[in-house]
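Working notes, beginning with the structure itself.
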Amino acid sequence: MTSSRTAERRIYALRDQINHHNYLYYVMDAPEIPDSEYDKLMRELEELEHKYPELVTRDSPTQRIGATPLAEFGEVRHEVPMLSLDNAFDEDEVLDFDRRVHERLGTNAQLDYTAEPKLDGLAISLVYEDGVLVRGATRGDGTMGEDVTQNIRTIASVPLRLLGNGFPALLETRGEIFMPKKGFEKLNAQAESRHEKIFINPRNAAAGSLRQLDARITASRPLEFFAYAWGQVRGGSLPARHSEVLERFRDWGLRTNPENRLVVGLEGCLQFYKQMASKRNRLPYQIDGVVYKVDRLDLQRELGYVARAPRWALAHKFPAEEAMTLLLAVEFQVGRTGALTPVARLQPVFVGGANISNATLHNMDEIERKDVHIGDTVIVRRAGDVIPEVVGVVLAKRPKNAQRVRLPCYCPECGSKVLRLDGEAVVRCSGGLYCPAQRKELIRHFASRRALNIEGLGEKLVEQLVDTGLVHTPADLFSLSVAQLAGLERMGDKSAQNLVNSIDHARNTTLARFLYALGIRDVGETTAGVLARHFGTLEALMAADETALMQVADVGPVVAASIAAFFKEPHNRQVISALRTAGVRWPEHSVAQQVSLGPLCGKIFVLTGALVHMTRDDAKASIQALGGKVSTSVSKKTDYVVVGEEPGTKLVEAQKLGIAQLDERAFERLLKQ
Ligand code: I6G
């Protein structure tokens, strides 16, 4: 049995080890043992303390989470007021600051500054007495703050006991409590899955987490700490420079920002600002600027304070990425794929370095999740080049007449019905072939190689045809004249004639290609082929309801719903009818014909080598249209190997197995039978 003395020694040793590993992990960012080893040490300490409760101390690493929730936070007076910083919003203001500092100090010499990222969190004061954390308090109004000791103790990067020695008997360190971006996203994802309120940004999440009366809730939140300043210091002294104090803090186990730098003069400050601005999005936490501090503490004392801010420090802010403004209306924009995106029309506001009056609301789910109403005061965010977005609502400012956002029933571009499939956040226009918003994308797809394969009709030309109003739907392509085309930019008579010829050529196609060309949502090339084989005719497919569609191999409820919705939309039926009138055709086979007749029905083909008169895709589609199957490897089941130029090893295998070979001519004859 462990004697009490042995247990005591082991407990102290374990605490030292755990504190040391905390230091390596949080302060040095260089852990030496895996988490599992660390957990083992913690478990051993917990067990020993459980057995010897009289040996438990407040600064033991096991004592982070207090058991009883508070009724309210106590008040704390800051003996040394917690000041704020003057802000600079451009280089000129930094220049003025540096000039004022020089004037007051009566020197022309370049000064050393500590340059630090300014975290977007909450200022905090931590008091250590004889190295033991005794109090954590918020800034409050700078003189009176709230006692959040219980909550601060739960933050793993805040040491409960300082390491090493040489620290003053009373040390009040100050710094920032913040929530890293990843932790914030995870917290919001959890809140969302539980249908709880989400936080607007990491700063709000950190503030909300620290103001919990139940420390167990704070303990579950991913909060972190960086030290950057100090208040009361008694029974000891600090070094003579700010940068040296920060180093000392680290030695004592207080985490400081590894991005901090000692820089020289104004130039050094501005260079640091630029570096941090470009690094900003890659940092694991949000920053809203950088802070410059005259490094020598004697010079700081000489400079003193003005009003509530030190003359020796300056916050150089990045352009604000978030701002509040009024949501005037919500409009729906139709994208190239038919997705309707709600767009917030805002009272113009300056944010992220630009005036913005529109921001995305993403989709209806997001609107519901954020509880956005028209008339609300909203928070918009514009970070870097990212599209501005509405991140949240200031509910306290909601006017009585605020209105819910309603999803339109019809597409604002073309009037076709709007669809929201079960389980999908995105809402779509069902007027695929007809909708102007989808026109360019659809025509480009319609003409693409694997669809109707209209040679020479590239993206640029599609743009011109649509922009000049010559083409509204794919059917219009078939009535284009040489004269019309020749009038377009970079289009000579010859190219115009060539394009008319290839459009004419594209009239003869297969049902599978035609279906694929229609750009029905969820209907790719393979599904189009399967549908063509299953139904045999376009009429049969168009007449099929969702139940009938689901009989087709590979067609599930989502795809069936997309197909049914597409053919239900009268605008789409009109365009299909116009295409057929324009002469778009394909060999028709009823299902019965396919099964009983058709030379290729049930036959398995393998293609090898390059065909001269058709692409491999065309050959494949033709075989499938006539009921045949195409396999990628030769086996005893193969009926024909189609042999093009420079065939591969498949030919050798076919010869070995004695399988019938078709050259391109024989293959073409077979297709025409
Ligand atoms: O609000 C602050 C943010 C960052 C600060 C600060 C800081 O240093 C990186 N430093 C001081 C001295 C003060 N406020 C008062």
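Because the structure is predicted, anything quoted here is derived from the model rather than measured. Order of appearance sets the numbers: ligands from 1, and atoms from 1 within every ligand. Side-chain atoms are counted along with the backbone in the values below, which use heavy atoms only and exclude waters and symmetry mates.
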Show me the donor-acceptor pairs, under 3.5 Å and distance only, between side chains in residues 90-98 and residues at least two apart or in other chains.
unit_1: D90; atom_1: OD1; unit_2: D92; atom_2: N; d: 3.2
unit_1: D90; atom_1: OD1; unit_2: E93; atom_2: N; d: 3.0
unit_1: E93; atom_1: OE1; unit_2: F89; atom_2: N; d: 2.5
unit_1: D96; atom_1: OD1; unit_2: R99; atom_2: NH2; d: 3.2
unit_1: D98; atom_1: OD1; unit_2: Y113; atom_2: OH; d: 2.6

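A salt bridge links R369 and E366; the closest N-O separation between the charged side-chain nitrogens and carboxylate oxygens is under 4.0 Å.
Checking K118, R280, K279 one by one against E259, the salt bridge (Lys or Arg N to Asp or Glu O under 4.0 Å) holds for a single residue, K279.
Scored by the salt bridge (Lys or Arg N to Asp or Glu O under 4.0 Å) test, R345 finds E331 as partners (sequence neighbours excluded). Applying the salt bridge (Lys or Arg N to Asp or Glu O under 4.0 Å) criterion to R174, with sequence neighbours excluded, gives E172.
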Sub-3.5 Å pairs, protein N or O with ligand 1 N or O:
unit_1: ligand 1; atom_1: 8 (O); unit_2: K293; atom_2: NZ; d: 2.8
unit_1: ligand 1; atom_1: 10 (N); unit_2: K293; atom_2: NZ; d: 2.9

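Taking CG of L162 as the start and CD of E129 as the end, the distance is 11.5 Å to the nearest 0.5 Å.
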